[in-house]
Amino acid sequence: MPRSKSAVFKTPSVPASEITDEAVWRERRRFVAQAGLVAAGLGLAGWSHRQAFAQSAAGLALPGKANPQFALMDATTPESDVTTYNNYYEFGTGKGDPARYAGALQTHPWQLSVEGEAGKPRTFAIEDLLKLAPMEERVYRLRCVEGWSMVIPWVGYSLSALLKQVDPTSRAKYVEFVTARQPGNMRGLSSGVLDWPYVEVLRIDEAMHPLTMLVFGVYGKTLPNQNGAPLRLAVPWKYGFKSGKSLVAIRLVEKQPASSWMRAAPHEYGFYANVNPDVPHPRWSQATERRIGEGGFFAPKRKTLPFNGYAEQVASLYQGMDLRANY
Ligand SMILES: Nc1nc2c(c(=O)[nH]1)N[C@H]1C(S)=C(S)[C@@H](COP(=O)(O)O)O[C@H]1N2
Ligand SMILES: [Mo]
């Protein structure tokens, strides 16, 4: 897990005036040789002077083949909103905090361990994950339980492609998603709003559903830290908090686990958290939503759709269940 700062990403401490062209060139070569994204053979077009001195691998070109199956009629939310209006409580609870402070997140090197009820549990380097399946661009709605929504062009692939690699056993009934906890780098950890690390949970069939996406990029570039670099989840029919950012482990388990939010406020957050306009949160109605970037505060609200508009794809997963009891 990337708990310690990598020397590779430190800016040289020599005054700029003393750095020869040779030294600059050497430093660049060293950085390029060690940075994972290049090793991944993506042929990243944007890799150049700009990236040579970057502190992270966020914002590099990461094209995905547009998948028309996930095209939406809704206009996409402007990139400037997607990357500046965020929830990432490890960096503070204000909407602007993640963009302001998530630069401190260390995203290199990065590994994801896929463990538990699996025939072939394995730790994957981010470089290998980037090569595991073809990158797709999918436009998904994101509905936050707080009553706002966005439409976001993510880049990644179905989580099922990864899970299949480890051969889940028949006892793998649930999946736990564990996200990064970097005490020195996350100024929000001291706040105590949640138990860290931030953990989210799905049923195995939800995790294997083709809509459930492992996300590496947004707007054709690798994820900015505030959006969950270097990889996060997107589960578009559930409230946004189910989509954990900066994943470090995925655990296949037999018994239904609790998420961080379930433990913090069990009456407010259940296991499922499917978007449901008929079941209000104790503090927020879920009937309507404000689409970020759409005409500001006074723009008419939109009606929230059951399963966030994905009912056709996912309603069958919950057949026979009381969705009021299973909120
Ligand atoms: N690790 C972690 N993941 C998280 C959160 C968080 O605080 N920490 N917030 C969640 C919530 S409440 C929402 S709405 C989405 C927001 O994703 P975005 O900022 O990329 O739009 O991330 C989710 N994933
Ligand atoms: Mo949210």
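FYI, the numbering just counts along the sequence from 1.
Between Trp261 and Tyr269, the gap from one ring centroid to the other is short of 6.0 Å. Between Tyr89 and Tyr198, a ring centre-to-centre spacing not shorter than 6.0 Å is recorded. Ring-centre distance between Tyr318 and Phe307: below the 6.0 Å cut-off.
Side-chain atoms of Asn227 come within 3.5 Å of backbone N or O of Val82 as a donor-acceptor pair. Judged by distance alone, with hydrogens and angles left aside, the side-chain atoms of Lys245 form no donor-acceptor pair with the main-chain N or O of Thr179 at under 3.5 Å. A donor-acceptor pair is defined here as one N or O able to donate and one able to accept, closer than 3.5 Å; no such pair exists between the side chain of Thr107 and the backbone of Pro230. Looking at Thr288, its side chain never comes within 3.5 Å of a backbone N or O of Arg302 through a donor-acceptor pair. In this structure a side-chain-to-backbone donor-acceptor pair under 3.5 Å is present from Thr212 to Glu206. No donor-acceptor pair closer than 3.5 Å links the side chain of Asn308 to the backbone N or O of Val275. Looking at Arg290, its side chain never comes within 3.5 Å of a backbone N or O of Ala299 through a donor-acceptor pair. Between the side chain of Ser243 and the backbone N or O of Val235, at least one donor-acceptor pair lies under 3.5 Å. Judged by distance alone, the side chain of Glu254 and the main-chain N or O of Lys173 form no donor-acceptor pair under 3.5 Å.
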**Study point:** Audit row: Val201, Met262, side-chain contact (heavy atoms from CB on, under 4.5 Å) steps and yes/no
**Key:** CA-CA 10 Å; Val201 290; Met262 288 165 74; 4.3 Å; yes
**Study point:** Check against salt bridge (Lys or Arg N to Asp or Glu O under 4.0 Å), Glu115 and Arg251
**Key:** CA-CA 5 Å; Glu115 54 196 50; Arg251 295 194 192 121; 2.9 Å; yes
Point to revise | CA sep, side-chain torsions, deciding dist, call: Glu200, Lys238, salt bridge (Lys or Arg N to Asp or Glu O under 4.0 Å) | key: CA-CA 12 Å; Glu200 259 309 332; Lys238 293 176 179 279; over 6 Å; no
Review point. Taking it one step at a time, do Gln165 and Lys120 satisfy side-chain contact (heavy atoms from CB on, under 4.5 Å)?
Key: CA-CA 8 Å; Gln165 297 278 316; Lys120 296 188 288 181; over 6 Å; no
Exercise for review: Apply side-chain contact (heavy atoms from CB on, under 4.5 Å) to the pair Leu189 and Glu90, showing each step before the final yes or no.
Suggested key: CA-CA 5 Å; Leu189 296 190; Glu90 289 87 331; 3.8 Å; yes
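By the rule that hydrophobic residues join a cluster once side-chain heavy atoms approach within less than 4.5 Å of another member, Val279 and Tyr272 end up as members of separate clusters. Ile204 and Leu214 fall within a single hydrophobic cluster, where Ile, Leu, Val, Met, Phe, Trp and Tyr are joined by side-chain heavy atoms under 4.5 Å apart, directly or via other members. Hydrophobic clustering, with ILVMFWY side chains joined whenever heavy atoms are under 4.5 angstrom apart, keeps Leu305 apart from Ile152. By the criterion of side-chain heavy atoms lying less than 4.5 angstrom apart, applied directly or through intervening Ile, Leu, Val, Met, Phe, Trp or Tyr residues, Val253 is grouped together with Val175 in one hydrophobic cluster. Linking ILVMFWY residues whenever their side-chain heavy atoms come closer than 4.5 Å, directly or via other members, places Leu132 and Val166 in the same cluster.
Side-chain contact between Leu317 and Asn274: absent, with no pair of heavy atoms (C-beta onward) separated by less than 4.5 Å. Annotation: side chain of Leu112 is in contact with side chain of Val114 (closest heavy-atom distance under 4.5 Å). Side-chain contact between Phe124 and Leu162: present, with at least one pair of heavy atoms (C-beta onward) separated by less than 4.5 Å. Looking at Ile126 and Pro109, their side chains never come closer than 4.5 Å, going by heavy atoms from C-beta outward. Side-chain contact between Ile250 and Leu159 is present, with heavy atoms from C-beta onward closer than 4.5 Å. Contact check for Leu72 versus Arg141: side-chain heavy atoms found under the 4.5 Å cut-off. Put simply, the side chain of Phe91 reaches to within 4.5 Å of the side chain of Leu105, judged on heavy atoms. At a threshold of 4.5 Å between non-hydrogen side-chain atoms, the residues Trp196 and Ser191 count as touching.
Side chain to side chain, Lys95 and Asn87 meet the donor-acceptor criterion of an N or O pair below 3.5 Å. With 3.5 Å as the limit, one finds no donor-acceptor pair spanning the side chains of Thr83 and Tyr219. Ser149 and Arg291 form a side-chain donor-acceptor contact under 3.5 Å, judged by distance and modelled atom types alone.
Figure legend: Lys242 and Phe271 shown as a cation-pi pair, the cationic atom lying under 6.0 angstrom from the six-membered ring centre and within 45 degrees of its axis.
Atom CD in Gln256 sits 11.0 Å away from atom CD in Glu176 (nearest 0.5 Å). One distance of note links CZ of Arg171 with CG of Leu252; it measures 11.5 Å at 0.5 Å rounding. Atom CD of Glu127 sits about 9.0 Å away from atom CD of Gln111, to the nearest 0.5 Å. In this structure, the separation between CE on Met186 and CD on Gln106 is 11.0 Å, given to the nearest 0.5 Å. To the nearest 0.5 Å, atom CZ of residue Arg324 and atom CG of residue Asp278 are 6.0 Å apart. Taking CG of Asn86 as the start and CG of Asp97 as the end, the distance is 10.0 Å to the nearest 0.5 Å.
Shortest non-hydrogen contact noted between Tyr88 and Asn225 is CE1-O, 3.5 Å. Across all non-hydrogen atoms, the minimal contact from Pro153 to Thr76 is CD-CG2, 4.3 Å. Across Ser260 and Val199, no two heavy atoms sit closer than the pair OG-N, 2.8 Å. Contact between Met208 and Ser160 at its shortest, heavy atoms only, is O-CB, 3.6 Å. Of all the heavy atoms in Val178 and Pro197, the pair that sits closest is CG1-CG, 3.8 Å. Taking all atoms of both residues into account, the shortest heavy-atom contact from Pro282 to His267 is CG-O, 4.0 Å.
Screening Glu136, Arg138, His209, Lys164 for a side-chain hydrogen bond (donor to acceptor under 3.5 Å, both in side chains) with Ser158, the sole residue that qualifies is Arg138. Of the candidates Tyr157, Trp110, Trp154, Phe216 forms a ring-ring contact (aromatic ring centres under 6.0 Å, His included) with just one, namely Tyr157.
Using bins of under 30°, 30° to 60° and over 60° for the plane-to-plane angle, the ring pair Phe241/Tyr239 lands in the parallel bin. Note on ring orientation: taking the six-membered ring where Trp is involved, the planes of Tyr140 and Tyr310 are perpendicular (angle over 60°, cut-offs 30° and 60°).
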